[in-house]
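See below for the structure under consideration.
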Amino acid sequence: MKHTPTIRAELDRYIQQEGMSLTQFGHIAGMNRGIVSAIVAGNKSMSVNQLDLITEAMGLPEGHFYDLFIENYIIDHPPNMRRIEPFLFRCAELDKLDSIRRVVGAIMDNLLYSPKLFEIAEELLSQGRHAAALLLYEGVAEAEKYQHSERLAICQYRIFTIQIGDDQSRNIGTAAVFEAFVERLDELDQLDALKDLANVYRSLRKWDKVEDVARTMRAKAEIQYTLEHQQQSRIRDESSKKLSRPLFVYIAYADLLCSGSCEAKGDYHQALQYTYAYANLDWVKETDEDTRHWISLFKSWAEGNTYIYKLLSGDVSVLNDYVQYIIASSDKVDKEMIVKLLNVMFAANQYKLDVSDIIKRFETIIASFVQQPSTDMYTKQVIPEQYARLSYELAYYYLHQGSYEDGFKYLMYSLESYHTLNNETYYLNCVGMFEHFRTHAIPETKEKYSKFIEKVWLDNVEKNGTANHCS
């Protein structure tokens, strides 16, 4: 039978090898002799703080004994959350994810530990330790998968927000899994969950799903809004604190999402009807500053979208008005600026308009767009996809204008972005456009393109395990 070493045996061996007394080692470690003696004798378990002191005193790297700690004091003993909780937090600090995974696997056979692990996961999430929190949420979700509890639904919501990333192909599956749990959330939590889900489907251009989720969000928000204004103000204040936005915003945002879906399908008339709906918010009863802020935003969005739906319908006479609208809002680079400029490029490429002066006017803003880390699902998902499309449309415009240097610059950015996003359709569109204009590319651009394509190929070989017969 394999003998599992113990931390106390390692400590005893070290003290003897170094010729130290227990008192001497205790002085180095910052612990009294009695505690060191009890640990070596096996008469006392140790905390993770004591383990860290011992590890440092022995000159070993942080976390060196964590696997043994799990064996000696967690797997071989009845779970003790007073010992486990600080150990999990310490593992998270040191990014010891395998250790966290082992602890979760060792104790989650017992559902009694689910509430505490969930609390720890929530605290880790608030600290920004997402990878560590994810392991705990997954453990709790797996243990409670047959319980149909609200805690299970919250775990799935947290897993969804953590796992959504650059890979759009993976995001489709992540969103589909979470969608089945939305109805189990608290009625108010459902609204933010539906908003986030809609934004992910929007980034994936799954417009039927966007409409379905938006309509569900609108119906639920209308019910909650009616209930709020039938309740006492104290209850309204408490419920409002749970939401990331004022309640009426979810109703108006649903209309905005549906207008965007209609636009993508080319139904500009219906898109306008939804736009007129979220532009008219006279029914909103609140008058506080936050409400006025959101109403102002929706009115501004409606003004711009009214221009663009007319423009995309073929009424090119509104282009100058739309540009003036953009200029009026261009004093700061906000996340809506991308879609405003993207709309200009859609219209330019569809109706063969000369917008070179417009592009030049906003070239500094276009160059400043970068993907910033964010916990907001819109910024994480919609913005990167929109900027990749903006680059694609700019490439199309410049290449067809004969401005090949600018065209290939934006095309390469779009190509690389869509590879990162794992959006096969637009990635292949970029490849096709490059091949169509290949003869106009300078040697340096061709070399950069070839190296990138080869890198994608080799990455796929490694990822999929397919054979690579290159010598």
Side-chain angles (χ1 to χ4, degrees), residues 202-203 256 259-260 263-264 268 271-272 275 279 293 296-372 374 378-379 382-418 426 429-430 433-434 437 440-442 445:
R202 184 179 176 184
S203 74
L256 188 150
S259 71
E263 175 197 348
Y268 303 119
L272 275 171
T275 301
H293 167 73
S296 175
L297 284 178
F298 279 109
K299 286 185 181 298
S300 176
W301 294 333
E303 180 185 358
N305 286 335
T306 299
Y307 287 133
I308 199 58
Y309 296 150
K310 290 180 178 180
L311 178 60
L312 293 176
S313 297
D315 184 2
V316 297
S317 67
V318 302
L319 177 58
N320 287 334
D321 290 335
Y322 184 56
V323 171
Q324 292 305 312
Y325 161 79
I326 297 176
I327 292 171
S329 61
S330 64
D331 55 331
K332 63 181 186 301
V333 179
D334 64 86
K335 60 188 180 183
E336 298 301 327
M337 188 61 71
I338 295 178
V339 74
K340 293 171 185 174
L341 296 174
L342 181 56
N343 287 330
V344 170
M345 297 314 303
F346 278 154
N349 289 330
Q350 183 174 349
Y351 298 108
K352 296 180 173 54
L353 306 177
D354 183 355
V355 294
S356 298
D357 289 343
I358 298 174
I359 296 173
K360 187 173 182 179
R361 180 169 197 132
F362 295 106
E363 61 184 356
T364 302
I365 292 177
I366 292 172
S368 70
F369 288 129
V370 291
Q371 183 180 350
Q372 297 290 346
S374 173
Y378 183 94
T379 307
V382 179
I383 297 299
E385 194 275 335
Q386 285 179 342
Y387 191 34
R389 273 197 297 146
L390 175 60
S391 296
Y392 178 85
E393 295 295 332
L394 285 165
Y396 184 98
Y397 177 81
Y398 278 123
L399 290 173
H400 282 84
Q401 290 278 327
S403 301
Y404 299 118
E405 181 179 354
D406 287 329
F408 283 114
K409 178 186 72 173
Y410 284 111
L411 183 57
M412 287 304 300
Y413 179 86
S414 186
L415 178 73
E416 293 168 4
S417 296
Y418 277 119
Y426 268 89
N429 285 348
C430 292
M433 193 188 303
F434 190 98
F437 288 95
H440 300 287
I442 61 175
T445 300

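Nothing here was measured: the structure is a model prediction, and the numbers come from that model. In what follows, every heavy atom counts, from backbone to side chain, and hydrogens, waters and symmetry copies are set aside.
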Fit a plane to each ring of W301 and F298, take the angle between them on a 0 to 90° scale, and name the class: parallel (under 30°), tilted (30 to 60°) or perpendicular (over 60°).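 Because their plane-to-plane angle is over 60°, the rings of W301 and F298 count as perpendicular.
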Fit a plane to each ring of F437 and H400, take the angle between them on a 0 to 90° scale, and name the class: parallel (under 30°), tilted (30 to 60°) or perpendicular (over 60°).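 Geometry flag for H400 against F437: perpendicular rings.
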Pairwise side-chain contact, [X] with [Y], heavy-atom cut-off 4.5 Å (strictly under):
X	Y	result
E405	Y398	no
Y309	T275	yes
I366	Y410	yes
I326	I358	no
N343	E263	yes
I359	M345	yes

Test your reading of the model: is there a side-chain donor-acceptor pair from [X] to the backbone of [Y], 3.5 Å cut-off?
X	Y	result
Y325	N305	no
Y397	S356	yes
S300	S296	no
Y396	L411	no
Y307	N320	no

Give the C-alpha distance, both sets of side-chain angles, the deciding distance and a yes or no for side-chain contact (heavy atoms from CB on, under 4.5 Å) between F362 and I327. CA-CA 9 Å; F362 295 106; I327 292 171; 3.7 Å; yes
What's the spacing between [X] [atom1] and [Y] [atom2] if we round to 0.5 Å?
X	Y	atom1	atom2	answer
N429	Y418	CG	OH	8.5 Å
F408	T445	CZ	OG1	7.0 Å
E303	D321	CD	CG	9.0 Å
S391	I338	OG	CD1	9.0 Å
F346	L311	CZ	CG	12.0 Å
R389	L394	CZ	CG	12.5 Å

Is there any salt bridge (charged side-chain N to carboxylate O under 4.0 Å, His left out) pair reaching into residues 304-318, and which pairs are they, with sequence neighbours excluded?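 Sorted pair list comes back empty.
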Locate the shortest heavy-atom distance separating [X] from [Y]; write the atom from each residue and the value.
X	Y	value
A441	F434	CB-CZ, 4.3 Å
A395	G407	CB-O, 3.4 Å
L256	S259	O-OG, 2.6 Å
G314	Y351	N-OH, 3.2 Å

Could you go through Q401 and D406, starting from their C-alpha distance and side-chain angles, then the distance that decides it, and tell me whether this counts as side-chain contact (heavy atoms from CB on, under 4.5 Å)? CA-CA 10 Å; Q401 290 278 327; D406 287 329; over 6 Å; no
